[in-house]
Amino acid sequence: MKFKYLFGPVPSRRLGLSLGVDLVPYKVCSFDCVYCECGRTTRHTIERKEYVPSSEVLEELKLFMENPVPFQYVTFSGYGEPLLNSAFGGIASWIKDNIERPLALLTNSSLLVYPEVRREASLCDVVLPSLDAATQSVFKRINRPCCGISVKDIVEALRCFKREYPKVKMALEILFVKGINDGDGELKALKDAVEYIEPDEVHLNTVDRPPADDVEPVSRDFLREVAAFIGGRCVVVGEAQGRAVLEEERLKEAVLSVVKRRPLRVEDMSRLLGSDIRLISKLIALLEKEGLLVCEVFEGQRFYRAVEVR
Ligand code: SF4
């Protein structure tokens with residue numbers, strides 16, 4: 001079955017095997033992060049509307065559930081910011097009523113400044129908001145937000161969310177980019193913000209796939225030092241553990257589906273799809289020959305990306 005709005009299940013480094021639900025078209029986002037693995041934002045907006053029809057998303061979810069492969073979470077994520085879709089609340093409610101898996105949301109946090117959006121986000125069991133900077137100047141450099149978005153308001157909104165909906169688990173993500181948000185002043189501001197927000201967990205991450213701009217990751221040692229500096233709630237994000245068991249005839253479609261979302265290495269795809277690495281390598285060579293995949297080298301590693309992503 002070829003889906004337009006669902007992808008995976010894919011192994012999320014933070015959630016295990018995750019069925020992705022994508023609620024906005026390619027790169028509709030309120031941010032244009034320098035590290036974005038989906039490329040540059042093409043529609044930079046803070047306007048909420050039904051960017052993709054909720055009826056079609058629900059139809060796909062019903063079809064998927066008729067013959068599901070193993071997965072642990074349903075996760076809103078994908079090409080842009082999920083909360084920009086004004087039908088988010090209705091879709092989240094349907095999933096909670098019809099799919100017996102925890103519901104997760106990856107968000108850049110920008111829309112959480114609105115109380116009604118916080119209420120919709122609270123339908124999820126786990127919310128994983130990003131906060132890569134705590135000062136406006138670094139926020140603008142790393143996330144390139146739509147004008148008018150203030151990181152101070154976002155920090156306040158995250159604190160409100162945690163207090164308004166204490167039962168929703170909040171795992172804050174901070175992604176570090178070398179030379180941008182790794183200075184002492186920013187680290188202190190981030191530590192203060194974390195103490196103010198009081199999330200359940202803080203996930204520390206860095207660039208590990210080809211980014212939108214020519215930026216570099218920080219080291220693992222740096223992330224460990226930051227974890228010690230910020231304190232007990234911090235986890236350094238590791239490798240994905242999940243494993244999907246897919247039938248062989250679905251493998252080609254599955255490879256294309258996962259690399260449409262983000263660039264992956266052969267070993268990632270092998271682990272992700274639960275398939276032999278030699279079979280995946282052979283399949284990738286065929287897909288490259290057909291012009292459906294391209295290879296990009298980042299930090300000495302070969303990543304594959306789908307050519308047609310729209
Ligand atoms: S990383 Fe997320 S928030 Fe940033 S530009 Fe990409 S999709 Fe938008």
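For ligands, and for the atoms within them, numbers begin at 1 and follow the listed sequence.
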Is there a protein heavy atom less than 4.0 Å away from atom 2 (Fe) of ligand 1? no
Heavy atoms, side chains only, cut-off 4.5 Å: are I230 and I174 in contact? yes
As an exercise, state the distance from CD of E60 to CE of M65, rounded to the nearest 0.5 Å. 14.0 Å
Enclosure of D214 CG (heavy-atom neighbours >12, cutoff 6.0 Å): no
Verify whether the ring centers belonging to F31 and F139 lie closer than 6.0 Å. yes
Just checking, is any N or O donor in the side chain of S86 or K49 under 3.5 Å from an acceptor N or O on the other one? no
So for K27 against ligand 1, with non-hydrogen atoms under 4.0 Å, the contacting part is side chain
Does C36 put an N, O or S atom under 2.8 Å from atom 4 (Fe) of ligand 1? no
Got an N, O or S from C29 under 2.8 Å of atom 8 (Fe) of ligand 1? yes
Around atom 5 (S) of ligand 1, find the nearest protein heavy atom and jot down its residue, atom name and distance. C33 N, 3.2 Å
